[in-house]
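Structure, as structure tokens:
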Amino acid sequence: MDKAEIIRALRELSLYLEIDGENPFKIRSYLKAADTLEHTQESIEELINTNKLRELEGIGEAIEKKIISLYKGEPVPALEKMRNKYPESLLSLFSIPFLGGKRIKVLFEHLNIKTIEELKNACLEGKIANLPGFNKKIENKILKGVELISKWEGFHLIDKGYEIANEIVNKIVGISNIDEVYIVGSVRRFTETINNVDIMVVTQDKSEVIKKIEKELDITTSQKSDSNSVEFIYKNIKLNIHFSEPHNKYTKLFYYTGSKDFVEKYKFALKRKGFEVDKEFNIFHHKNRIEVLSENAIFELLNEPYLPPEVREILYEEDILKKRIDRLIKEGEIKGIVHCHSNYSDGHNTIEELAEYCKDNGYEYLVVCDHSQSAGYAKGLNIDTVRKQHDEIENLNIKLKPFKIFKGIECDIRLDGTLDYPNDILTTFDIVVVSVHSKLEMDENIATQRITCAINNPFTHILGHPSGRLLLTRAGYPLNYEKIFDECLKNNVAIEINAQPQRLDLDWKNVYKGMCRGLKFVITTDAHDIPDMRYLSYGVSIARKGLLTPEDVLNTYPAEEFINWFKKKKR
DNA sequence: GCCGTTTTCGGCCCGACTGTTTTCAGTCG
């Protein structure tokens, strides 16, 4: 087994033990060990061969033994026992809100419920309200959760899409008879979630290439196909391989990148200009096929500016789009990394390690934002720890000069809209990011009021992950965005674009709307370790989809300008 | 399960919400 599979097995075991009613600390120890392994740079081979597993936090004798067995592909008795006792499909029930190990066990033992489908039917028949640990309200909440999960079935986060798309490109690009390979579809356009990966292959020998791709990817079940595309399932994701020939690769690149509505709009515009467009997006003029030598050439036919894939959507006002399209923000323009967690709270790196990473990668500043005191689950900082952290930052600022570390905090917004520290502590931070982490079940009025109150707090600088959504897991609370945007403008508060792939919050459509109202943004990594820093590019893609330019994004500003923007605040 | 030790075993992250069981179990972040 490789490292990822071992980590999955440890987490699987912890879920089984939760159903089995084991000691909660034992359950947590497997999760902790999996977490540690995930955040360790060394390969699993190295850790085992140099006997270093036990040196890692949370890995003792028993878990070490299990990891070694898993690595060698030998059975782990504890895991085998659980797999024999409970069906594997039972674990999928953990994705439903309000279902934990205890209730899942009751469902299994009383009604033999093993799948989400069976759970849904039992809810609809009103069978679970009377079970021990359940009631009518919980039954309704579970049914609601099941319906949400079903809506997202088959969808994946964009990072998974990228990972799979790149893996496929790397695997097939060397196949003889393939001229070129492109990532197309929603992955190329950077939608936050995807339900398939689209790859376009340029070849003159389609049937031969299909066979070779099947062999290379070890997939044989071609689900359905037409003359241009073949559909497979690869690692649980729907994979479409589209084909083009060298002479029509750019029109097909445009066509398969989409979005569907965007392509339709351009097709219509071409027809209005006197061109003919066939089903495969070949373009003709007076029956003569036009040689299209780049994607840009399609835009030129319409005297339109080239639009990068991220903005090939139907949303924008034409004049706003045209004014901004040449100046869309680029990743290289980001000068400071904002909202990172250190090992003071639930991050895995020291502040110095984070700062060194930023420095080495050419950034000018870092804003450390650990969790505030009421976030006990994430080791939120009490007041003494805040002071200790500030001393450390001051010392590091002397050591690392001219690199600058700002004292930030991700401060919880409490249910009544107040912040999680008294004013005399809030005033010691350079940057206060305010976020909602708990009590998320709110209607639009309550949520808007709570967040408005936090925006109006004189110490607030940035509103963090505004919607509270976790993509494909949790919808987040509804908000009156117009009101929130206006309050931010009034109070000189910026809005975060959180680049974590499960958040991507603020949503790009709202980024566009906020930009139109004149809001300022900060693209943050919300990194909990150094590898998480790679997500910055995701945040930049969301900003580009929202048509942001560097002027709209405060962390493209040099350190002094960045911090001065917030000083305009009236206290 | 792990960890730190008074090296044999107690503590481990915890406050808040929910529904209803008026004292707590289950779940969540």
Side-chain angles (χ1 to χ4, degrees), chain A residues 9-37 53-70 76-79 81-82 93-107 128-142 144-145 341 343-346 370-382 385 410-416 418 420 435-442 446 450 464-465 467-470 473-477 500 502-503 505 526 528:
Chain A
L10 292 173
R11 289 187 176 140
E12 184 189 337
L13 180 53
S14 89
L15 290 179
Y16 275 129
L17 294 177
E18 214 177 322
I19 297 173
D20 210 40
E22 252 296 356
N23 170 5
F25 297 104
K26 186 170 173 178
I27 295 168
R28 198 178 303 153
S29 71
Y30 284 105
L31 291 178
K32 199 174 166 191
D35 244 26
T36 303
L37 216 51
L53 274 174
R54 292 284 292 277
E55 288 174 23
L56 298 176
E57 208 186 321
I59 297 182
E61 193 183 340
I63 294 186
E64 179 195 39
K65 201 176 149 202
K66 290 187 176 73
I67 292 176
I68 294 175
S69 297
L70 289 165
V76 173
L79 189 56
K81 190 178 148 200
M82 288 295 116
L93 300 188
F94 277 102
S95 62
I96 310 290
F98 304 98
L99 281 189
K102 303 265 165 43
R103 288 186 182 138
I104 291 175
K105 188 177 189 188
V106 169
L107 290 171
I128 69 171
N130 297 324
L131 294 175
F134 292 83
N135 55 49
K136 199 70 203 164
K137 281 193 174 171
I138 291 177
E139 183 177 82
N140 286 335
K141 283 179 177 179
I142 289 173
K144 229 170 108 184
H341 296 268
N343 60 359
Y344 271 84
S345 67
D346 58 349
D370 278 309
H371 287 282
S372 61
Q373 54 187 351
S374 73
Y377 60 92
K379 270 172 63 194
L381 274 55
N382 64 30
T385 319
E410 182 180 20
C411 188
D412 266 43
I413 302 173
R414 297 190 286 222
L415 186 57
D416 62 359
T418 58
D420 197 21
S435 326
V436 171
H437 285 109
S438 54
K439 305 171 202 83
L440 302 161
E441 279 196 77
M442 300 180 282
I446 304 262
R450 179 177 177 185
H465 45 72
S467 83
R469 74 179 182 186
L470 289 178
T473 307
R474 188 172 82 198
Y477 36 79
Q500 287 283 320
Q502 76 275 25
R503 290 199 184 269
D505 185 10
D526 198 356
H528 286 70

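By convention in this document, chain letters (A, B, ...) are assigned in the order of the sequence lines, proteins followed by strands, and residues within each chain are numbered from 1. FYI, side chains are in, hydrogens and waters are out, and symmetry mates aren't considered; it's all heavy atoms of this structure.
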| request: Indicate whether any N or O donor in one side chain lies under 3.5 Å from an N or O acceptor in the other, for D526(A) and H465(A). | output: no
| Rounded distance (Å) that lies between atom P of dA25(B) and atom NZ of K105(A) | 16 Å
| query | Are the side chain of R11(A) and the backbone of L31(A) linked by a donor-acceptor contact shorter than 3.5 Å? | reply | no
| note | Taken to the nearest whole Å, CD1/I27(A) to C1'/dC13(B) is 15 Å
| request: Write down the distance between CG (L37(A)) and P (dC2(B)), rounded to a whole number of angstrom. | output: 13 Å
| field | Separation of dC2(B) P from I67(A) CD1 (nearest whole Å) | value | 9 Å
| note | Counting primed atoms, P, OP1 and OP2 as sugar-phosphate and everything else as base, the B/S/- map of nucleotides 15-21 of chain B against protein heavy atoms under 4.0 Å is -SSSSS-
| task | For E57(A) and dG4(B), give me the distance from atom CD to atom C1', rounded to whole Å. | result | 13 Å
| said: If you define the side chain from C-beta out and look only at heavy atoms, does anything of V106(A) sit under 4.5 Å from P132(A)? | reply: yes
| Below 4.0 Å: OP1/OP2 of dG1(B) and any side-chain N or O of R28(A) | no
| query | Does dT8(B) pair with anything, Watson-Crick or G-U wobble, both distances under 3.5 Å, and if so, with which nucleotide? | reply | none
| message | Without decimals, in angstroms, what is the distance between R54(A) CZ and dC2(B) P? | response | 7 Å
| request: Name all residues meeting the salt bridge (charged side-chain N to carboxylate O under 4.0 Å, His left out) criterion together with D346(A); count only those two or more places apart in sequence or in a different chain, and write none if there are none. | output: none
| field | S374(A) backbone acceptor or donor facing D412(A) side chain under 3.5 Å | value | no
| query | Between L93(A) (CG) and dT27(B) (C1'), how many Å, whole number? | reply | 15 Å
| Looking only at side-chain N and O atoms, does K32(A) come under 4.0 Å of OP1 or OP2 in dC12(B)? | no
| said: Does either side chain, that of E57(A) or that of T36(A), offer a donor lying less than 3.5 Å from an acceptor on the other one? | reply: no
| request: Report the distance from atom CD of E64(A) to atom P of dC2(B), rounded to the nearest whole Å. | output: 9 Å
| message | Nearest heavy atom decides the nucleotide; on that basis, is K379(A) or G133(A) closer to the 5' end of DNA chain B? | response | K379(A)
| said: Whether the K81(A) and Y16(A) side chains hold a donor-acceptor pair (N or O, under 3.5 Å, no angle test) is what I'd like checked. | reply: no
